[in-house]
Amino acid sequence: GIQVEQSPPDLILQEGANSTLRCNFSDSVNNLQWFHQNPWGQLINLFYIPSGTKQNGRLSATTVATERYSLLYISSSQTTDSGVYFCAVGATGANNLFFGTGTRLTVIP
Amino acid sequence: DAGVTQSPTHLIKTRGQHVTLRCSPISGHKSVSWYQQVLGQGPQFIFQYYEKEERGRGNFPDRFSARQFPNYSSELNVNALLLGDSALYLCASSLFTTEAFFGQGTRLTVV
């Protein structure tokens with residue numbers, strides 16, 4: 001399967017700071033998603049972004065498929081942004097998602 | 001619109017028992033996938049079903065099985081439970097190989 005590496009594994013930010021989370025993957029993909037997992041375990045969809053750039057409020061994401069990486073930007077972080085962020089990819093022609101081990105973000109007031 | 005719904009939300013079972021977890025996909029979605037997430041790790045793929053046929057299987061033992069019904073809802077069955085089966089089980093719904101949406105999960109504890 002596809003190897004997915006996320007960095008950093010842990011990140012502590014002061015409220016209001018900006019951050020960049022990175023996702024590297026080992027093969028070509030036709031699906032890439034970013035999720036935020038809340039304390040109750042639910043995976044919240046942030047972006048479906050197999051290529052290109054998207055923005056949604058304080059969050060934006062960029063995927064450079066030819067170089068096999070994706071970035072998630074969080075600006076003006078808030079305490080409610082705390083949690084684990086997962087990158088997941090789907091291989092071309094396959095049906096399942098491969099997840100990274102996540103980045104645990106803690107935003108302190 | 002209802003999202004992906006899973007039941008039950010929590011479950012405690014004894015080693016050796018059998019468990020059935022249920023998932024209802026988003027209306028109009030014909031693909032359901034199951035994932036297992038153990039503490040501290042990312043979810044791992046177990047099965048995908050599309051139009052009631054198995055379309056993918058992860059690296060899990062034969063104790064794990066699943067099926068999809070005509071209304072596209074799905075069941076995940078696990079036999080002969082082991083302590084290591086304790087995990088959060090997540091169901092995902094999608095049109096096919098497109099954006100996946102997850103339910104809130106079933107937290108299974110095996111004692």
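The sequence lines fix the lettering, A, B, ..., with proteins before strands; numbering per chain opens at 1.
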Look at atom CG of B:Leu39 and say whether more than 12 heavy atoms of other residues, nucleotides or ligands are closer to it than 6.0 Å.
no
Please answer: with hydrophobic residues joined when any side-chain heavy atoms are less than 4.5 Å apart, are B:Val19 and B:Leu88 in the same cluster?
no
Expected list for residues 12-26 of chain A: side-chain donor-acceptor pairs under 3.5 angstrom, two or more places apart:
{"unit_1": "A:Gln14", "atom_1": "NE2", "unit_2": "A:Pro109", "atom_2": "O", "d": "3.1"}
{"unit_1": "A:Asn18", "atom_1": "OD1", "unit_2": "A:Ser76", "atom_2": "N", "d": "2.8"}
{"unit_1": "A:Arg22", "atom_1": "NE", "unit_2": "A:Asn24", "atom_2": "OD1", "d": "2.9"}
{"unit_1": "A:Ser26", "atom_1": "OG", "unit_2": "A:Gln3", "atom_2": "N", "d": "2.8"}

Heavy atoms from other residues, nucleotides or ligands near CD of A:Glu5 exceed 12 (cutoff 6.0 Å)
no
Under 4.5 Å from any heavy atom of chain B - which part of A:Gln6
neither
Interface check, chain B: of A:Trp40, A:Phe86, A:Phe35, most non-hydrogen pairs under 4.5 Å belong to A:Phe86
Considering all heavy atoms of both residues, which atom of A:Leu43 and which atom of B:Leu90 are nearest to each other, and what is their separation?
CD1-CD1, 3.9 Å
Nearest-0.5 Å distance, CD of residue B:Glu99 to CG of residue A:Leu32
11.0 Å
Under a 3.5 Å distance rule, please check whether A:Asn45 uses its side chain to pair with a backbone N or O of B:Ala100 as donor and acceptor.
yes
Which residue out of B:Gln44, B:Gln37, B:Arg55 racks up the most heavy-atom pairs below 4.5 Å with chain A?
B:Gln37
Region of B:Phe47 that comes under 4.5 Å of a non-hydrogen atom in chain A
neither
Crowded around B:Ile12 CD1? As in, over 12 foreign heavy atoms under 6.0 Å?
no
How about A:Gln33 and B:Phe102: do any of their side-chain heavy atoms sit closer than 4.5 Å?
no
Flag if over 12 foreign heavy atoms under 6.0 Å of CG, B:Asp62
no
